[in-house]
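Labels below follow one simple rule: chain letters A, B, ... track the order of the sequence lines, proteins then strands, and each chain is numbered from 1.
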Protein chains: 4
Amino acid sequence: MHHGNRHGRSEEARQAVLEAADDLLVEKGFAGLTVEGIATRAGVAKQTIYRWWPSKTEILIEAFVDDAAQYLTPPDTGDLATDLRRHLARLADFLTKTDAGAVFRALAGQAQHDPTVADRLRADHLTHQCARDSQPLLNAIARGDLPATTDVDSAVEQLVSPIYYRVLLTGEPVPRKYTNHLVTQYLSQT
Amino acid sequence: MHHGNRHGRSEEARQAVLEAADDLLVEKGFAGLTVEGIATRAGVAKQTIYRWWPSKTEILIEAFVDDAAQYLTPPDTGDLATDLRRHLARLADFLTKTDAGAVFRALAGQAQHDPTVADRLRADHLTHQCARDSQPLLNAIARGDLPATTDVDSAVEQLVSPIYYRVLLTGEPVPRKYTNHLVTQYLSQT
Amino acid sequence: MHHGNRHGRSEEARQAVLEAADDLLVEKGFAGLTVEGIATRAGVAKQTIYRWWPSKTEILIEAFVDDAAQYLTPPDTGDLATDLRRHLARLADFLTKTDAGAVFRALAGQAQHDPTVADRLRADHLTHQCARDSQPLLNAIARGDLPATTDVDSAVEQLVSPIYYRVLLTGEPVPRKYTNHLVTQYLSQT
Amino acid sequence: MHHGNRHGRSEEARQAVLEAADDLLVEKGFAGLTVEGIATRAGVAKQTIYRWWPSKTEILIEAFVDDAAQYLTPPDTGDLATDLRRHLARLADFLTKTDAGAVFRALAGQAQHDPTVADRLRADHLTHQCARDSQPLLNAIARGDLPATTDVDSAVEQLVSPIYYRVLLTGEPVPRKYTNHLVTQYLSQT
DNA sequence: GGGTAAGCGAGACGGTACGTCAAGTCTTCTG
DNA sequence: CAGAAGACTTGACGTACCGTCTCGCTTACCC
């Protein structure tokens, strides 16, 4: 076991903390997620956590960002409709069915209570996510399949916001049928 | 002064608690909102709160529901475009600029952590709010301004979800211009 | 059921309270004896208790005094040794084996914490008990079996205090053999 | 300032708690002695108290035992009468006039309500006190001033129980004259 | 024999202290 | 010198009773 060394932080401890946080969130929910619990589960001293993360939400963000980037890289098939359908379907599954999705919902929830969490979430995730969501449209524009004047931001909002609405508020499922419908609706608009 | 009687609970105390909860949420945020704080501010015993509310979120819901119903009653001018523009603008203002809106954001946040809060929020507010959001469209259908086959639920989601997306996630302002744009986009769709 | 009348307290309620207090003390001990518990058990309103007794110890004293007077009336056989043996044996049994004895120990305990309880216990019980303890000796003096100069108070202290010492402090049993020994010791002294 | 370390508990905190408990008992009596009060007075967190003591009576016992051992060490002058007179007088003063005596009375009181307190008081104090009370007699036997057949336990009970009787029940003072009388009476018995 | 007032049950109220939990800080020792 | 261990202060939690206060019902007396 690692017990500290004189050459910088322990990557071992870092990983253990991130995984413990993820696991515990899924197991017990955000309310049951405590720094002490993470420390115990990770086999790490509380102080080690406080040394490197200002709060338990920062741990979750750090654990979450990579997952999101990895899972939500948009496809590029050369066909806008296909790209959008796949991307939205994947986004919906990510948010509703994966552990990382549970972490996202917890973070989005905490962001309502704590502006610093909101800021971190936007800076470290949402902007990147927005960029990923835009990619299929930008590709289409580059291919000439969409006019260069297309309002990409607006289009992204139109496409993804109903998904978040269901995920964060109504709790309704977000089936493929529904995400496909969103794409169809958007494409038929022009 | 009132100190209890056999007719059941003290309306005085109930009001004091609801107001104190609202005030403290706005003042200190959800994290700083404690049952003890509410009790002190309301001039009420902690036990009185626990006697009538199972948690601090239930207090907020009770305090919130009436406000929402009151503030968000949709207009009925006889013109769909006008009704929708006014209603969305009012919704956006409610969510972003009023104290009750702050309460809503806190509740929506807490709903991500606690399924019972989510259920209560849906049962006591969201369903009613959905009905209110649908009203302008239903009125238009009744007038014959929209086809009877209109998918009202889908239309409502399309209209309001971008507002919630901004309110809950991006934190961007939701100006009148934006809500008007949503209406125009929806109406031009058919 | 009795629901009050215009002229004086309900004897029914009084008895119910005294019995409930006794029972609960034996069942749950003094720490578990609450006014609310007594009220519930007695089928009486808390207010009725507070109307007639200033504290729960006063209830116990009232319940106790009669029991003691009844149980501890000293015998008068015409023989000092017999009277003393019987009286001490009965006192020991009363203190260690009866419900009333448990009440006494609780009251004696509470008297250490609360001077008003101590005063009430002395005024309402101990002085009378002292008189009862002295009776066999006074009878003997009256019969001429003891000199009139006998220091009765000192004798009583010598006879009974070892019993209380065991009951209140060491917790040792106080068998007949032991009380008889006390009598023998005292009588052999002269 | 000390804020905890891995070598276990803070002796500083321990002392502060014991002294605060003693002081508060004398100041406010047992009823007014609260864990919160002790914590505040000692400048210690409530949790620290609960970490190390199961109840406030355990605090008092711990605070009391040393005091008693120190104050009540019996003399050994080589003369039984002198030893007993001095020891009983000192015991009486200890119980009636010192702060530690007040603690003892409170503990003896609580022992009537709570068997675990009774057990602790016997194990941690009474047995040792009994041994101390016996010492003068044992010394006398060793010197040959008393027959080896002397019933020491019975003698101790005879000598000290009237003192406890007055302290715990009648509340009468226990002057030197009285304790001397007890000794005289005992010695004249043989 | 109807009105009136005291005693009663019920139980909500403002409080105080309970014992628990986790937060975040600090200190010491180990590798 | 980072990390494991863990004691510390702080403060909120939810609970249990306290003693006080209506309230409406049920008598029993009194006009």
### Query
In Å, rounded to the nearest 0.5 Å, how long is the span from CG of L25(C) to NZ of K56(C)?
9.0 Å
#### Entry: Rounded distance [0.5 Å steps], CZ in F104(C) versus CG in L126(C)
6.0 Å
Over how many whole Å does the gap from [X] atom [atom1] to [N] atom [atom2] extend?
X: E11(C); N: dT27(F); atom1: CD; atom2: P; answer: 18 Å
X: E12(D); N: dC26(E); atom1: CD; atom2: P; answer: 16 Å
X: I59(C); N: dC18(F); atom1: CD1; atom2: C1'; answer: 13 Å
X: E58(C); N: dC18(F); atom1: CD; atom2: C1'; answer: 17 Å
X: I49(C); N: dA10(E); atom1: CD1; atom2: P; answer: 12 Å
X: K28(B); N: dG11(F); atom1: NZ; atom2: P; answer: 12 Å
X: R14(A); N: dG3(F); atom1: CZ; atom2: P; answer: 12 Å

### Query
Which is true for T48(D) with a 4.0 Å heavy-atom rule: it touches a base, it touches only sugar-phosphate, or it touches nothing?
base
### Query
When you check every protein heavy atom under 4.0 Å of nucleotides 17-22 of chain E, what one-letter string (B, S, -) results, 5' to 3'?
SBBBBB
### Query
Looking at side-chain heavy atoms only, is the closest gap between F30(B) and T57(B) below 4.5 Å?
yes
### Query
What's the verdict on side chain to side chain contact (heavy atoms under 4.5 Å, CB included) for W53(A) and L18(A), showing C-alpha distance, side-chain angles and the deciding distance?
CA-CA 11 Å; W53(A) 292 276; L18(A) 295 182; 4.0 Å; yes
### Message
Less than 4.0 angstrom between a side-chain N/O of R51(D) and OP1 or OP2 of dC8(F), yes or no?
### Response
yes
### Summary
Considering only heavy side-chain atoms of W52(D), the closest of dC8(F), dT9(F), dA2(F) is dC8(F)
### Message
So which atom in L24(B) and which in R41(B) form the shortest heavy-atom distance, rounded to 0.1 Å?
### Response
CD2-NH2, 3.4 Å
### Query
So is R9(B) actually on top of W52(B)'s ring, under 6.0 Å and inside 45° of the axis?
yes
### Message
Keeping R122(D) on the side-chain end and L169(C) on the backbone end, is there a donor-acceptor pair under 3.5 Å?
### Response
yes
### Task
For DNA chain F, find the residues of residues 107-118 of chain D with a heavy-atom distance under 4.0 Å and give them by number; none if there aren't any.
none
### Query
With R120(D), which of H125(D), E62(D), E58(D) fulfils side-chain hydrogen bond (donor to acceptor under 3.5 Å, both in side chains)?
E58(D)
Report all side-chain donor-acceptor pairs from residues 110-118 of chain B shorter than 3.5 Å, counting only partners two or more places apart or in another chain.
residue	atom	partner	partner atom	Å
Q112(B)	NE2	L168(A)	O	2.7
Q112(B)	NE2	A108(B)	O	3.1
H113(B)	NE2	A106(A)	O	3.1
D114(B)	OD1	T116(B)	N	3.0
D114(B)	OD1	T116(B)	OG1	2.8
D114(B)	OD2	T116(B)	OG1	3.4

